[in-house]
Amino acid sequence: MKYDSLLIEKPRSRPLAVRTAWGVVTAACWLVYAYLWLPVVTLLLWTLGLRVAAFELYLRNDSVDPLLLILLPLLAVAAAVALIGWAEINRRRFANKERRAPTPNVGAQDVGRALGAAAHLPERLQSAKVVTLRMDDDARPYDLAPVPRPTPAAPIPPKQTERSGS
């Protein structure tokens, strides 16, 4: 089956300038989207009392504490550095290390026993692509019927347009 090239894309096959341009367009769209949500966020923060807290902390004396202007950004940068540093430590610590063991294959007979199926059913189930599984009242499979593959429809020919010659 042929894929639709408009749906399946290979972004790495596009030039770097095109990918960068689309990245900038995407970031700009997200910024516009966030900007449109600002009135709702502001209303929510006012409802939760943030405006009152800001007034009590900073604006009551008509002055802003210079220590807060310096300390709050430094604390934010310190928190960011700590989180990014911890992430980098873990990235380097676990890079190229696969800690998950591969899952062993389960035999058809083990699956059949777990399902409570007849002895011949697991092999038939394993060899079929698409099946309808018939089950008894106790939800144990007792038979299967292969589902036939659908035949592809004939392609629709393009419409012929009449050209008028004058």
Side-chain angles (χ1 to χ4, degrees), residues 1-48 50 76-166:
M1 178 177 222
K2 186 174 166 114
Y3 68 89
D4 185 3
S5 63
L6 295 176
L7 296 177
I8 299 174
E9 297 180 11
K10 297 177 184 171
R12 294 288 171 208
S13 66
R14 295 181 186 257
L16 180 62
V18 173
R19 286 185 307 196
T20 305
W22 280 112
V24 169
V25 168
T26 302
C29 289
W30 277 111
L31 286 173
V32 168
Y33 181 73
Y35 176 76
L36 292 174
W37 273 99
L38 280 179
V40 175
V41 172
T42 303
L43 179 66
L44 180 66
L45 292 176
W46 281 354
T47 304
L48 295 175
L50 190 68
V77 169
V81 167
L83 288 173
I84 292 171
W86 182 252
E88 280 298 311
I89 288 170
N90 281 326
R91 188 178 64 84
R92 290 185 180 145
R93 182 175 156 199
F94 296 113
N96 300 323
K97 293 181 184 173
E98 185 62 47
R99 297 184 304 164
R100 294 174 289 197
T103 305
N105 289 334
V106 178
Q109 294 304 324
D110 294 333
V111 172
R113 266 194 305 277
L115 293 174
H120 65 89
L121 200 59
E123 286 85 15
R124 288 181 56 203
L125 189 60
Q126 191 174 26
S127 65
K129 280 258 192 213
V130 181
V131 297
T132 301
L133 194 59
R134 295 188 182 106
M135 302 180 113
D136 61 11
D137 292 336
D138 294 327
R140 289 191 184 102
Y142 68 88
D143 191 23
L144 60 94
V147 176
R149 295 183 74 183
T151 57
I156 299 171
K159 292 183 179 179
Q160 298 282 333
T161 58
E162 293 183 26
R163 295 186 186 186
S164 59
S166 328

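Keep in mind the model is a prediction, meaning the values are calculated, not measured.
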Query - Derivation of the side chain to side chain contact (heavy atoms under 4.5 Å, CB included) call for L144 and T132 - result: CA-CA 6 Å; L144 60 94; T132 301; over 6 Å; no

Report task. Please test D143 against R124 for side chain to side chain contact (heavy atoms under 4.5 Å, CB included), starting from the C-alpha separation and ending with a verdict. Result -> CA-CA 9 Å; D143 191 23; R124 288 181 56 203; 3.5 Å; yes

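Within the 3.5 Å criterion, the main-chain N or O of D138 finds a donor-acceptor partner in the side chain of D136.
The list of side-chain hydrogen bond (donor to acceptor under 3.5 Å, both in side chains) pairs with a residue in residues 78-92, not counting sequence neighbours, reads E88-R91. Every pair passing side-chain hydrogen bond (donor to acceptor under 3.5 Å, both in side chains) that includes a residue from residues 17-36 is listed here, sequence neighbours excluded: Y33-W37.
D110 contributes atom CG, which lies 11.0 Å from atom CG of L115 (distance to the nearest 0.5 angstrom). Taking CZ from F94 and CD1 from I89, the interatomic distance works out to 11.5 Å, rounded to the nearest 0.5 Å.
Surrounding CZ of R134 are more than 12 heavy atoms belonging to other residues, nucleotides or ligands, all under 6.0 Å away.
Pairing each heavy atom of G112 with each of P122, the nearest pair is CA-CG, 3.5 Å. In this structure, A108 and Q126 approach most closely via the heavy-atom pair CB-OE1, 3.6 Å. The two residues Q109 and A119 make their nearest non-hydrogen contact at NE2-O, 3.7 Å.
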